[in-house]
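Atoms considered below: every heavy atom in the structure, side chains included; atoms not considered: hydrogens, waters and symmetry mates. Start at 1 and go down the list; that is how both ligands and their atoms are numbered.
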Amino acid sequence: MTGTIPLCIPDLGGNEGRYLQECVDTNFVSSVGPFVTRFEAMVAAHAGSAGAVATSAGTTALHVALVALGVAPGDLVIVPSFSFIASANAIAHCGALPWLVDIDPATWTLAPALLAQVLERDCERRGGALVHRASGRRVAAMMPVYTLGLPADMDAIVGIADRHGLPAVADAAAAIGATCKGRPIGALGARLSCLSFNGNKTITAGGGGAVVGDDAELLALVRHLTTTARVGRDYDHDRVGFNYRMTNVTAAVGCAQMERVEALVAAKRRIRAAYDAALAGLPGIGPFPAPPWAKSAAWFSGVVADDAALAERLRGRLAADGIEARRFWKPIHLQPPFAAAPRTAMPVAEGLWQRVVILPCSTNLGDDALARVIASVNAAVGG
Ligand SMILES: *Cc1c(COP(=O)(O)O)cnc(C)c1O
């Protein structure tokens, strides 16, 4: 019953060490190597996509995906305000601005009805482009976010995107293992989907990301852009590229993790189910969203308090009991770098973010630790 329970730590219980040693033994430590190729094949297959390009991070995956789809300086990209700052940063790295919209209370990401409403109300066609009337900027893409590993309602969102000629780039950073109407995250209709293999994600490579998709030509462009847009073997480059490739060393860790992807995702779901079963009946708190048409990857689990004060009290009690519990994302429109970004009213995001309590959810969280967390939450809310 002693020791702090961390929020979310990696589980490196497979072939990670062996594969890392193999990188050293074979002298393949850089961005060319058999683990990179293998990792891409594993990620593409798992995502239900034709191909994958491994990148240095989820953020760089998002950036390069947007560039590949033609997002240019001055453009707007629609993104939910309730996301990790990296979603907006990737847009800003293109010289574009996020158009921040409020979220659907049922999924905590883009609300199809609101999306359709703002596109129709605030935009007009000028030439071939969709233009945001108030700012005069071209709307170039939309970025649904699979919040906490729960896919957005992509059938509806892609329908709206198609109607307006906008490509969708999915921020599926934390969604590996999720399905929507039985389909995996690469098969939900986004032109490109981006994953993260950061240290706190379900599958980690230490750091890293991937862009997955079905359009071979588009993926070839993504790959080209991640490797300094080099043409041929000499120092010829045909545009401004990036140095965004994953290395063989990180891919080695990623491959070892991907070998256990089913078990690691199952562990996340088991933790979610345990919290939901034990805590959902308590006064003042409720579970995370779980619409019937999707199966969340349950990257993070926790509870939503009825008000911010209770959430604060809950986090305080957990901390006192040696349990790491956290707030979740502060909406992007409240972050100083994006204060000037166009945005909708934010009743859902603003009402939500301070009420979320993330509970420990490492894939190797033991039953004793789980029971300790549940007891602490019980004590805090007086159940
Ligand atoms: C983790 C995460 C990212 C960023 O991924 P990095 O690999 O840390 O760059 C982006 N968006 C969301 C929603 C995330 O959860």
Side-chain angles (χ1 to χ4, degrees), residues 7-10 39 43 47 52-67 77-94 98 100-101 103-104 107-110 141-152 154 157 168-178 185 188 190 192-212 226 242-247 250-251 253-254 257-258 265 268 288-289 296-302 326-332 335 337-338 349 352-353 356 358 361-362:
L7 191 80
C8 185
I9 56 169
F39 184 66
V43 169
V53 177
T55 60
S56 56
T59 308
T60 57
L62 287 166
H63 180 198
V64 78
L66 292 169
V67 172
V77 175
I78 299 174
V79 66
S81 188
F82 189 64
S83 185
F84 183 51
I85 194 84
S87 310
N89 285 346
I91 295 165
H93 294 329
C94 298
L100 300 167
V101 299
I103 51 169
D104 187 339
T107 59
W108 296 3
T109 189
L110 291 182
M142 61 174 71
M143 186 189 288
V145 177
Y146 301 168
T147 309
L148 296 160
L150 175 67
M154 289 300 282
I157 288 169
V169 175
D171 181 343
I176 196 159
I185 50 169
L188 303 184
L192 296 169
S193 303
C194 300
L195 287 79
S196 165
F197 300 98
N198 180 46
N200 74 2
K201 299 300 201 272
T202 304
I203 297 291
T204 184
V211 181
V212 301
T226 61
F242 307 95
N243 180 10
Y244 279 176
R245 279 292 276 171
M246 179 178 276
T247 69
T250 50
V253 177
Q257 292 265 292
M258 282 303 292
V265 173
K268 287 287 192 185
F288 286 177
S296 176
W299 166 51
F300 274 1
S301 287
R326 291 256 183 91
R327 285 169 172 268
F328 199 46
W329 300 325
K330 181 177 184 175
I332 293 165
Q335 310 282 358
F338 296 104
L352 174 69
W353 72 279
V356 177
I358 304 289
C361 54
S362 308

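Using a 4.0 Å heavy-atom cutoff, F82 is absent from the residues neighbouring ligand 1. For the ligand labelled ligand 1, residue A90 lies outside the 4.0 Å heavy-atom shell.
Scanning the protein heavy atoms around atom 15 (O) of ligand 1, the nearest turns out to be K201 NZ, 3.2 Å. Ranking the protein heavy atoms by distance from atom 9 (O) of ligand 1 puts T59 OG1, 2.5 Å first. Nearest protein neighbour of atom 11 (N) of ligand 1, counting heavy atoms only, is D171 OD2, 2.7 Å.
Without hydrogens or angle criteria, T250 side chain to G206 main chain gives no donor-acceptor distance under 3.5 Å. A donor-acceptor pair under 3.5 Å links the side-chain atoms of K268 to the main chain of C361, judged by distance alone.
Between W353 and W329 there is no side-chain heavy-atom pair separated by less than 4.5 Å. The shortest distance between side-chain heavy atoms of K201 and L195 does not fall below 4.5 Å.
In summary, the atoms of ligand 1 found under 4.0 Å from a heavy atom of A173, numbered by their order in the structure, are 2 (C), 3 (C), 10 (C), 11 (N), 12 (C), 14 (C), 15 (O). Shown in contact with W329 at under 4.0 Å from a heavy atom are these atoms of ligand 1, numbered in order with element: 13 (C), 15 (O). If you number the atoms of ligand 1 from 1 as listed, the ones under 4.0 Å from a heavy atom of G208 come out as 7 (O). Below 4.0 Å from some heavy atom of N198 lie the following atoms of ligand 1, by number and element: 7 (O), 8 (O). If you number the atoms of ligand 1 from 1 as listed, the ones under 4.0 Å from a heavy atom of A86 come out as 4 (C), 10 (C).
At least one N/O-N/O distance between S196 and ligand 1 falls below 3.5 Å.
Heavy atoms of other residues, nucleotides or ligands lying less than 6.0 angstrom from CZ of R326 number 12 at most.
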Distance-only check: which donor-acceptor pairs under 3.5 Å involve side-chain atoms of residues 141-151, not counting sequence neighbours?
{"unit_1": "T147", "atom_1": "OG1", "unit_2": "W108", "atom_2": "O", "d": "2.9"}

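Across all their heavy atoms, G199 and T204 have their closest contact at CA-OG1, 3.3 Å.
In this structure, the side chain to side chain contact (heavy atoms under 4.5 Å, CB included) partners of A297, at least two apart in sequence or on a different chain, are A178.
Around atom 6 (P) of ligand 1, the closest heavy atom drawn from S56, A210, G58 belongs to G58.
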